[in-house]
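Below you'll find the structure, written out as structure tokens, and then a few comments.
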Number of protein chains: 2
Amino acid sequence: MHDETDTKERLLNAAEALFARHGCHATSVRAITHAAGANLAAVGYHFGSKEALIRAVIDRRLAPLNRERLARMEAELEAATTASRRPRVATLLRAFIEPTVRFRTTDPKGRDFIAFVARLLHEPEPGARDHFFARMRPVIKRYLPALCAALPKVAPEVIQWRFHFCIGAMAHTLFVAVAPPVAGHHRPTALDGDALVTLLVTFLTAGMKAHS
Amino acid sequence: MHDETDTKERLLNAAEALFARHGCHATSVRAITHAAGANLAAVGYHFGSKEALIRAVIDRRLAPLNRERLARMEAELEAATTASRRPRVATLLRAFIEPTVRFRTTDPKGRDFIAFVARLLHEPEPGARDHFFARMRPVIKRYLPALCAALPKVAPEVIQWRFHFCIGAMAHTLFVAVAPPVAGHHRPTALDGDALVTLLVTFLTAGMKAHS
DNA sequence: GTCTATAGATTGATAGAC
DNA sequence: GTCTATCAATCTATAGAC
């Protein structure tokens with residue numbers, strides 16, 4: 001029952017899987033501790049509350065993800081500067097999207113996190129959602145100027161909205177690609193992660209560049 | 001307390017508002033009946049169960065919405081046929097998107113429904129989500145061939161994925177535009193419904209047409 | 001149709017022994 | 001750190017009077 005990993009990490013893993021499959025509201029502390037092979041009181045001891053556990057599940061995956069997003073974005077900005085060109089929209093979008101998808105392919109646990117986040121994005125109650133957006137805000141705040149530099153002919157307010165379109169398309173797509181259990185749903189042909197990213201980047205780049 | 005409307009409708013209104021604000025899992029039958037000025041047993045009597053009430057909330061708004069979507073799509077197909085041209089991508093997308101947004105502007109209750117549906121889209125548990133997709137399937141099944149006719153140079157499997165991108169972008173955008181309570185979130189300038197639809201249609205049309 | 005009352009299960013959190 | 005035991009609050013659903 002008990003892995004080599006410590007209880008705290010087993011709780012995070014179990015919570016992530018259950019949140020993805022049933023939502024965080026529908027997942028009880030009892031279910032989490034049982035799946036982790038831990039005692040009912042373990043969540044209270046290690047995290048303080050169920051809410052704090054949810055935040056910990058978010059942070060564990062999101063922090064390295066956003067680090068990679070920013071690093072790749074900065075690399076493109078730097079390459080553009082030294083080559084005296086504008087940053088490329090497609091490269092910026094790929095830098096934002098690809099870490100998530102690759103992460104989904106690499107780590108089997110990644111799938112759970114993606115389904116969880118897609119749901120989190122539209123969580124009506126504050127709490128978990130606000131925490132998620134607080135972690136995303138610094139990334140978005142630095143992506144917007146980069147996109148504006150890449151698209152000097154598109155108004156900044158339009159770019160803001162279009163970036164929202166990108167985030168929505170990405171989240172929904174990853175959710176659909178990751179969570180097959182939609183009974184009889186018309187899911188298109190399965191794709192590997194790379195093909196999916198390319199498909200998304202092509203679509204979103206054309207949208208970002210559209211002249212209104 | 002009691003409006004002129006009957007109990008059943010008051011329950012639907014109260015449920016819709018509460019589902020939008022707190023999610024359907026986090027909304028208790030007690031909260032619904034209390035908000036509707038009805039008795040705790042009223043949900044059981046009028047709908048049979050909480051699940052059946054959720055389905056009724058979905059159907060009440062979605063049925064007329066999808067009727068309008070299909071009617072406007074068929075009108076474009078017919079206009080294209082009589083003029084011996086291809087259907088226009090932008091017109092098809094607008095026919096899909098505009099009813100929802102206009103509906104949001106017209107009916108103050110529309111806002112609640114949109115927030116509810118955005119959440120429903122990524123609901124991990126079957127039940128409400130499966131019911132929603134069952135209602136959407138006939139619409140999507142008729143939109144895909146129309147889009148293929150409008151885009152003869154894009155492969156049908158690519159069109160399927162791109163239509164997913166459209167749905168994700170639309171759902172997330174409407175949710176963001178409708179649900180302001182994101183603390184400190186970088187929401188772009190407020191827009192009226194028409195401007196938002198145009199912004200979306202421009203973006204998505206360019207994406208649909210992109211040559212891979 | 002509306003109401004009270006309650007059954008029966010489940011929830012998050014915690015006190016206190018080990 | 002882990003465990004048992006339990007509290008107080010909540011939940012959906014329903015039986016039965018009016």
Side-chain angles (χ1 to χ4, degrees), chain A residues 1-58 116 119-120 123-131, chain B residues 1-58 116 119-120 123-131:
Chain A
M1 179 77 77
H2 292 237
D3 291 356
E4 70 288 352
T5 55
D6 64 345
T7 300
K8 198 166 173 177
E9 196 171 346
R10 289 206 321 276
L11 286 171
L12 286 170
N13 290 336
E16 183 174 61
L18 288 167
F19 291 165
R21 249 180 285 284
H22 309 115
C24 30
H25 225 102
T27 301
S28 66
V29 173
R30 304 174 123 83
I32 296 167
T33 50
H34 179 264
N39 185 269
L40 173 58
V43 165
Y45 177 79
H46 286 282
F47 297 95
S49 70
K50 186 188 178 183
E51 266 292 312
L53 168 61
I54 296 173
R55 290 195 293 271
V57 169
I58 294 172
F116 173 47
R119 182 175 175 69
L120 212 52
E123 189 77 38
E125 306 234 58
R129 188 187 50 157
D130 279 359
H131 182 78
Chain B
M1 179 79 77
H2 293 238
D3 291 355
E4 67 287 353
T5 54
D6 62 347
T7 300
K8 198 165 172 175
E9 198 170 344
R10 289 206 320 277
L11 286 172
L12 286 170
N13 291 335
E16 184 175 60
L18 288 168
F19 289 164
R21 247 178 287 283
H22 310 292
C24 33
H25 226 101
T27 301
S28 66
V29 172
R30 306 175 120 83
I32 296 167
T33 50
H34 179 264
N39 186 270
L40 173 59
V43 164
Y45 178 77
H46 284 283
F47 297 94
S49 71
K50 185 190 178 183
E51 265 291 312
L53 168 61
I54 296 173
R55 288 195 294 270
V57 168
I58 293 171
F116 173 45
R119 183 173 174 68
L120 213 51
E123 188 76 41
E125 307 234 56
R129 187 186 52 157
D130 279 359
H131 183 78

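Residue numbering restarts at 1 for every chain, and letters A, B, ... go by the order of the sequence lines. This one's a predicted model, so the numbers in the text were calculated from it and none came from an experiment.
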* To do: Indicate whether OP1 or OP2 belonging to dT2(D) is found under 4.0 Å from a side-chain N or O atom of Thr7(A).
  => yes

I'd like a table of donor-acceptor pairs (distance under 3.5 Å, sequence neighbours excluded) in which one partner is a side-chain atom from residues 18-27 of chain B, with atom names and distances.
| residue | atom | partner | partner atom | Å |
| --- | --- | --- | --- | --- |
| His22(B) | ND1 | Glu125(A) | OE1 | 3.4 |
| Thr27(B) | OG1 | Leu18(B) | O | 3.3 |
| Thr27(B) | OG1 | Gly23(B) | O | 2.8 |

Residue set satisfying side-chain hydrogen bond (donor to acceptor under 3.5 Å, both in side chains) with His131(B), at least two apart, ordered chain then number -> Asp59(B)

Of Ala31(A) and Gly44(A), the one whose closest nucleotide on DNA chain C sits nearer the 5' end is Ala31(A)

Note: contacts of residues 15-29 of chain A with DNA chain C (heavy atom, under 4.0 Å) are Thr27(A), Ser28(A), Val29(A)

Expected list for residues 46-55 of chain A near DNA chain C, using heavy atoms below 4.0 Å, is Ser49(A), Lys50(A)

In Leu40(A), Asn13(A), Leu53(A), the residue satisfying side-chain contact (heavy atoms from CB on, under 4.5 Å) with Ile32(A) is Leu53(A)

Those residues at least two apart in sequence (or on a different chain) that pass side-chain contact (heavy atoms from CB on, under 4.5 Å) with Lys50(A) are Val29(A)

Residues in salt bridge (Lys or Arg N to Asp or Glu O under 4.0 Å) contact with [X], at least two apart in sequence or another chain:
X	answer
Glu51(A)	Arg55(A)
Glu9(A)	none
Glu16(A)	Arg60(A), Arg61(A)

With five pairs defining each end axis, the helix from dG1(C)-dC18(D) to dC18(C)-dG1(D) comes out bent, to 10°, by 0°

Residue pairs meeting salt bridge (Lys or Arg N to Asp or Glu O under 4.0 Å), one or both in residues 32-42 of chain B, sequence neighbours left out, come to none

[atom1] of [X] versus [atom2] of [N]: gap in Å, rounded?
X	N	atom1	atom2	value
Leu11(A)	dC3(D)	CG	P	11 Å
His34(B)	dT4(C)	NE2	P	12 Å
Tyr45(A)	dA17(C)	OH	P	17 Å
Glu9(B)	dG1(C)	CD	C1'	17 Å

Does a side-chain heavy-atom distance below 4.5 Å link Asn39(A) with Thr33(A)? no

Rounded to the nearest 0.5 angstrom, the CG-CG distance for Asp130(A) and Leu120(A) is 10.0 Å

In this structure, CG of Leu12(A) is separated from CD1 of Ile54(A) (nearest 0.5 Å) by 12.0 Å

Scanning both residues in full, the closest heavy-atom pair of Leu11(B) with Ala36(B) reads CD2-CB, 3.8 Å

Could you list, one pair per line, each protein nitrogen or oxygen that sits under 3.5 Å from a nitrogen or oxygen of nucleotides 5-8 of chain C, together with the distance?
none

With a distance cut-off below 6.0 Å to the six-membered ring centre and an angular limit of 45° from the axis, does Lys8(B) pair with Phe47(B) as a cation-pi contact? yes

